[in-house]
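So the structure is just underneath, and the comments pick up after that.
All values derive from a computational prediction rather than experimental measurement.
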Amino acid sequence: MEELVSQVIGYLRGMWRFRWWGLALAWLVGVAGGVAIYLMPDKYEFTARINVDTQSVLRPLMSGLAVQPNVSQQINMLSRTLISRPNVEKLITMADLDLGVRSPAEREALINALMSDLQIRSTGRDNLFTLAYADTRPERAQRVVQSLLSLFVESGLGSNRQDADAARRFIEEQIRSYEQKLTEAENRLKDFRLRNMALLGAGTRDYITQIADVNEQLRQARLELREAENSRDAMKQQLASGQSEADFAPPPMLATPEIDARIETLQRNLDDLLQRYTERHPDVVGARRVIEELEKQKQDLLAQMRENPVASPMGGFGMGSGIEQTRLALAQGEARVASLRARVTEFESRLETLQADAQRIPQLETEMAQLNRDYSVHKSNYDALVSRRESASIAAEMNTQAGIADFRVIDPPSMPTKPSAPNRLLLLPLAALVGLGAGFALTFLISQLRPSFGDPRQLREISGLPVLGTVSMLPTPERRRKRRNGLIAFGGGLAAYAGAFAFATAALKILQG
């Protein structure tokens with residue numbers, strides 16, 4: 001720290017040797033700066049305050065029906081982007097600033113100057129904006145501010161209309177696109193339903209019921225086929241055994257095959273009913289009644305066959321040949337077997353068809369669900385776009401009738417009473433300080449160019465040689481008087497410098513009122 005202090009003291013001693021050079025430069029720079037500040041042209045700043053009222057009574061009433069843009073955000077964005085090159089070029093034309101422009105370079109300079117000088121200041125709340133511009137010609141500054149005010153209002157309304165028109169055009173294009181997609185989806189759904197109408201009409205549960213019914217019918221037909229085949233085989237064995245006509249007896253199973261089959265079927269159904277219901281259940285009572293009626297019909301038919309065996313194909317005793325009757329019954333049995341086989345084949349075909357259709361139903365339902373999903377997505381998007389289009393139309397009509405915002409000019413641009421720039425009362429002291437700084441810098445520079453040694457230690461450190469001794473200068477009265485006069489003269493020069501600038505500042509303040 002001691003070395004730093006000694007180094008600073010050395011610098012100050014070296015600068016003190018050239019103090020008159022610094023004082024002269026300070027006077028020169030200070031006076032030149034003061035004259036330049038005084039000769040600077042006056043600038044007059046015109047301002048206009050405008051309030052943008054975004055609160056509308058109609059807007060809350062139309063909430064949910066019309067698109068509600070964030071008007072405050074749009075206005076703030078407009079205030080930040082208003083000073084752009086296209087807007088500045090339009091402002092130059094509106095304010096007649098291009099009348100004195102004679103070359104593209106001058107026009108470019110004018111555009112750059114306006115973009116840097118134009119100001120739009122916001123209070124941050126209440127949507128209150130201040131438009132400001134300063135110029136050496138008051139009438140031109142007033143025209144610029146007035147044009148900027150008109151441009152601010154027109155840009156706010158025009159940009160909103162352009163955004164609404166662009167949004168409406170985009171929505172219309174999307175609606176047309178989704179109309180085409182919706183039509184294609186409807187056609188695909190219609191063609192699919194037409195191709196699979198028979199299968200889509202019944203669900204999987206209906207097919208399960210139908211398969212169960214056909215299975216039951218197939219089982220019954222196969223049972224009847226086996227019974228008919230057994231009867232036919234028995235008759236063939238009788239014919240092949242060569243029994244005599246007297247010993248020939250009618251086959252017991254050929255007595256009443258149809259009635260026996262019905263009785264057997266009803267008996268099985270009765271057994272199933274008795275497993276679930278009691279004896280008094282109506283279905284059980286009805287089944288027993290039908291079985292009794294069939295038993296009675298069987299007994300009557302057997303009695304008729306015994307009384308007239310020749311007329312009955314099922315007869316076995318009496319007139320006529322028993323072998324011929326058996327052959328006739330065998331032919332009838334063959335016909336019945338063929339009929340039952342055809343029935344079994346038909347039921348098997350139906351069962352295979354139903355099983356194949358039942359297996360296809362899940363796949364068809366999956367394809368149907370995909371088609372319905374695509375159609376539902378396109379339909380929902382289409383309905384949403386149509387709703388948005390109506391909301392946009394209502395919003396556009398609302399903005400046309402009520403306006404997006406109410407622009408109120410609070411303070412129009414008016415002629416200021418005094419110039420806003422330059423601030424000479426502030427610039428004159430700054431010029432004095434700049435002059436002093438220039439003088440200080442000059443003395444430091446000269447002291448570095450023409451250095452001197454203030455003490456032995458500094459000489460020893462720089463030269464690297466030992467210092468054997470020092471010779472002091474004895475102060476004489478004449479030297480003391482000369483030094484004192486020099487200090488007084490230098491102090492007087494500094495005081496005169498400060499007093500001159502203080503007087504100039506006070507006089508300027510008086511002149512400006």
Counting C-beta onward and ignoring hydrogens, is there a side-chain heavy-atom pair between [X] and [Y] closer than 4.5 Å?
X: E346; Y: Q217; value: no
X: E224; Y: R343; value: yes
X: D135; Y: D117; value: no

Distance in Å, [X] [atom1] paired with [Y] [atom2], rounded so as to fall on 0.5 Å steps:
X: L110; Y: E89; atom1: CG; atom2: CD; result: 10.5 Å
X: L99; Y: R140; atom1: CG; atom2: CZ; result: 10.5 Å
X: L91; Y: M115; atom1: CG; atom2: CE; result: 11.5 Å
X: K90; Y: S150; atom1: NZ; atom2: OG; result: 11.5 Å
X: L385; Y: E173; atom1: CG; atom2: CD; result: 11.5 Å
X: L223; Y: L218; atom1: CG; atom2: CG; result: 11.0 Å

Minimum heavy-atom distance [X]-[Y], with the two atoms named:
X: V337; Y: R232; answer: CG1-NH1, 3.7 Å
X: N215; Y: L351; answer: OD1-CD2, 3.1 Å
X: A141; Y: Y133; answer: CA-CD2, 3.8 Å
X: Q119; Y: L148; answer: O-CD2, 4.5 Å
X: A48; Y: P413; answer: CB-CD, 3.7 Å
X: Y44; Y: T136; answer: CD1-O, 4.1 Å

Decide side chain to side chain contact (heavy atoms under 4.5 Å, CB included) for I92 and V101; before the verdict, give the C-alpha distance in whole Å, the side-chain angles of both, and the deciding distance to 0.1 Å. CA-CA 11 Å; I92 290 174; V101 176; 6.0 Å; no
Does [Y] offer a backbone N or O that forms a donor-acceptor pair with the side chain of [X] under 3.5 Å?
X: S116; Y: N112; result: yes
X: R288; Y: E279; result: no
X: S376; Y: N372; result: yes
X: R424; Y: I37; result: yes

With [X] via side-chain contact (heavy atoms from CB on, under 4.5 Å) - residues at least two apart:
X: T93; answer: D98
X: E186; answer: L182, Y375
X: E139; answer: R137, R143

Ring-face cation of K181 near Y178 (centre distance under 6.0 Å, axis angle within 45°): yes
Electrostatic pair [X]-[Y], nearest N-O below 4.0 angstrom:
X: E227; Y: R336; answer: no
X: R226; Y: D233; answer: no
X: K296; Y: E292; answer: no

What residue among L151, V144, L118, I120 forms side chain to side chain contact (heavy atoms under 4.5 Å, CB included) with L131?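 In the set L151, V144, L118, I120, the residue that makes a side chain to side chain contact (heavy atoms under 4.5 Å, CB included) with L131 is I120.
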